[in-house]
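Single-structure report; data block below.
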Amino acid sequence: MSDRDMNGVERRLDASDEIDMTVAPVVESSETKYTGAIFHVDDQVIRLTTHDGGAVRIRRQVMRHAPCVVMLVHDCATDRYLLEREYRVGPNLYAFGVPAGLMDEGETPDEAALRELHEETGVIPDDTDDANGNADTTNADADPAIVIDHVAQCYSSEGMTDELANIMVIHLKRWHTGERHFDKDEHVASAWVSWRELNDAGIVSSNATIALKHEALRRLLNPESSEGSAGSGEDRQKGHKKARS
């Protein structure tokens, strides 16, 4: 949409409410009401400006949370995907999902994704030296061991948290397995499954669903792409051996 069209849309929206949304909201006060292991909750008073220059004050609670990575992982050689299952407190059940985790301070989304992938599943792309995704430059002319589709950056629930989810699909071409590293209260089961089995698992996480929809579109539009093809017969056999290891 062009800037001109967007300005027209904004004017029509602006006319439907007393708040002047061209003026930035102002946080007048913020008090931390709860601090937990991985997030805290702030109680805020925000001032909004009306079209006549007046003010409207609203109160909101926001859950402060580190950004995260959510990754659908695809083994190109076998055309299989990593499915996980673990306890999730929100729905209070053992939920099916895809690898995900919090970003550490100073990490890029790709670095966090490769670290979390190693920690949760033991999967390490062949052209990375360590769990932070530092590249091995000894064979710079070789095809990359992974291709990452950066799908979207989405707020998990913009009405209640500032958690920003970096959603991606990781296509593995060459990889090996290492030791998994879990937090002491983390219990994650994982398995390589077919595309059909992945979709039949009943994943209900919104962020994981976005990754699944992106991959479904890729498979529909470009099923023979190098990032997602099943590979040669020899590659398929090698991939199956890796998946069983």
Side-chain angles (χ1 to χ4, degrees), residues 38 65-91 93-104 107-125 128 131 133 144-158 161-175 180 186 188-231 239 243:
I38 61 173
H65 196 286
C68 69
V69 289
V70 179
M71 52 210 142
L72 176 59
V73 183
H74 177 215
D75 178 25
C76 299
T78 64
D79 194 28
R80 290 179 177 267
Y81 295 83
L82 260 181
L83 177 66
E84 292 192 343
R85 194 178 192 187
E86 63 179 306
Y87 175 75
R88 290 301 191 186
V89 68
L93 52 76
Y94 292 106
F96 294 100
V98 301
L102 302 181
M103 292 175 58
D104 290 340
E107 277 188 319
T108 67
D110 287 3
E111 289 170 346
L114 293 178
R115 175 183 55 76
E116 285 287 344
L117 184 62
H118 180 188
E119 290 177 356
E120 285 194 6
T121 70
V123 170
I124 307 171
T128 54
I146 60 171
V147 173
I148 300 179
D149 294 340
H150 297 97
V151 177
Q153 289 183 310
C154 300
Y155 284 105
S156 298
S157 178
E158 61 184 3
T161 181
D162 63 354
E163 180 190 43
L164 185 65
N166 297 272
I167 304 169
M168 60 188 74
V169 180
I170 298 179
H171 301 283
L172 296 169
K173 296 183 177 183
R174 300 186 311 278
W175 57 277
R180 299 196 296 175
E186 192 174 25
V188 183
S190 61
W192 291 99
V193 300
S194 69
W195 174 246
R196 180 174 181 177
E197 289 171 327
L198 181 71
N199 283 276
D200 288 345
I203 294 174
V204 295
S205 161
S206 58
N207 291 328
T209 299
I210 291 170
L212 284 169
K213 296 299 183 184
H214 175 90
E215 180 66 357
L217 184 60
R218 184 200 66 79
R219 293 178 69 94
L220 178 66
L221 297 178
N222 195 15
E224 300 302 323
S225 68
S226 60
E227 292 84 2
S229 64

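Note that the structure is a prediction, hence the values are computed from the model and not measured.
In this structure, the side chains of Met71 and Pro99 come closer than 4.5 Å at one or more pairs of heavy atoms. Side-chain contact check for His118 versus Val123: every heavy-atom pair is 4.5 Å or farther apart. Residues Ile210 and Lys213 fail the side-chain proximity criterion, which asks for heavy atoms closer than 4.5 Å. Using a 4.5 Å heavy-atom cutoff, the side chains of Glu215 and Val151 are not in contact.
No donor-acceptor contact under 3.5 angstrom links the side chains of Asp75 and His171, judged on distance only.
For Ala100, the side chain to side chain contact (heavy atoms under 4.5 Å, CB included) partners two or more places apart in sequence, or in a different chain, are Val70. Residues satisfying the side chain to side chain contact (heavy atoms under 4.5 Å, CB included) test with Ser190, not counting sequence neighbours, are Leu82, Glu84, Arg180. Residues forming a side chain to side chain contact (heavy atoms under 4.5 Å, CB included) with Ala95 (at least two apart in sequence, or on another chain): Arg88, Leu93. In this structure His65 satisfies the side-chain hydrogen bond (donor to acceptor under 3.5 Å, both in side chains) test together with Glu163, sequence neighbours excluded. Under the rule for a side-chain hydrogen bond (donor to acceptor under 3.5 Å, both in side chains), the partners of Glu197 that lie at least two apart in sequence or sit in another chain are Ser194. Not counting sequence neighbours, Ser206 has no partner by the side-chain hydrogen bond (donor to acceptor under 3.5 Å, both in side chains) test. Remark: Gln153 pairs with Asn166 by the side-chain hydrogen bond (donor to acceptor under 3.5 Å, both in side chains) rule, at least two apart or across chains. Qualifying side chain to side chain contact (heavy atoms under 4.5 Å, CB included) partners for Asp200, counting only residues two or more places apart in sequence or in other chains: Arg196.
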Derivation and outcome, side-chain contact (heavy atoms from CB on, under 4.5 Å), residues Ile167 and Cys154: CA-CA 8 Å; Ile167 304 169; Cys154 300; 4.2 Å; yes

CA sep, side-chain torsions, deciding dist, call: Glu119, Arg115, salt bridge (charged side-chain N to carboxylate O under 4.0 Å, His left out): CA-CA 6 Å; Glu119 290 177 356; Arg115 175 183 55 76; 3.2 Å; yes

Derivation of the side-chain contact (heavy atoms from CB on, under 4.5 Å) call for Thr108 and Met103: CA-CA 8 Å; Thr108 67; Met103 292 175 58; 5.7 Å; no

Trace of the side-chain contact (heavy atoms from CB on, under 4.5 Å) decision for Trp175 with Ile170: CA-CA 12 Å; Trp175 57 277; Ile170 298 179; over 6 Å; no

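Taking both residues in full, the closest heavy atoms of Asp149 and Arg218 are given as OD2-CD, 4.0 Å, listed atom of the first, atom of the second, then distance. Shown here for Leu117 and Thr121, the closest heavy-atom pair between the two residues is O-OG1, 2.5 Å. Listed here is the closest heavy atom pair of Ala113 and Met168: CB-SD, 3.5 Å. The two atoms that bring Thr161 and Tyr155 nearest to each other are O-CD2, 4.2 Å, heavy atoms only.
Applying the ring-ring contact (aromatic ring centres under 6.0 Å, His included) test to residues at least two apart or on different chains, none of the pairs has a partner in residues 198-224.
No donor-acceptor pair closer than 3.5 Å links the side chain of Arg174 to the backbone N or O of Pro125.
Ring geometry for Tyr81 versus Trp195: interplanar angle of 30 to 60°, hence tilted.
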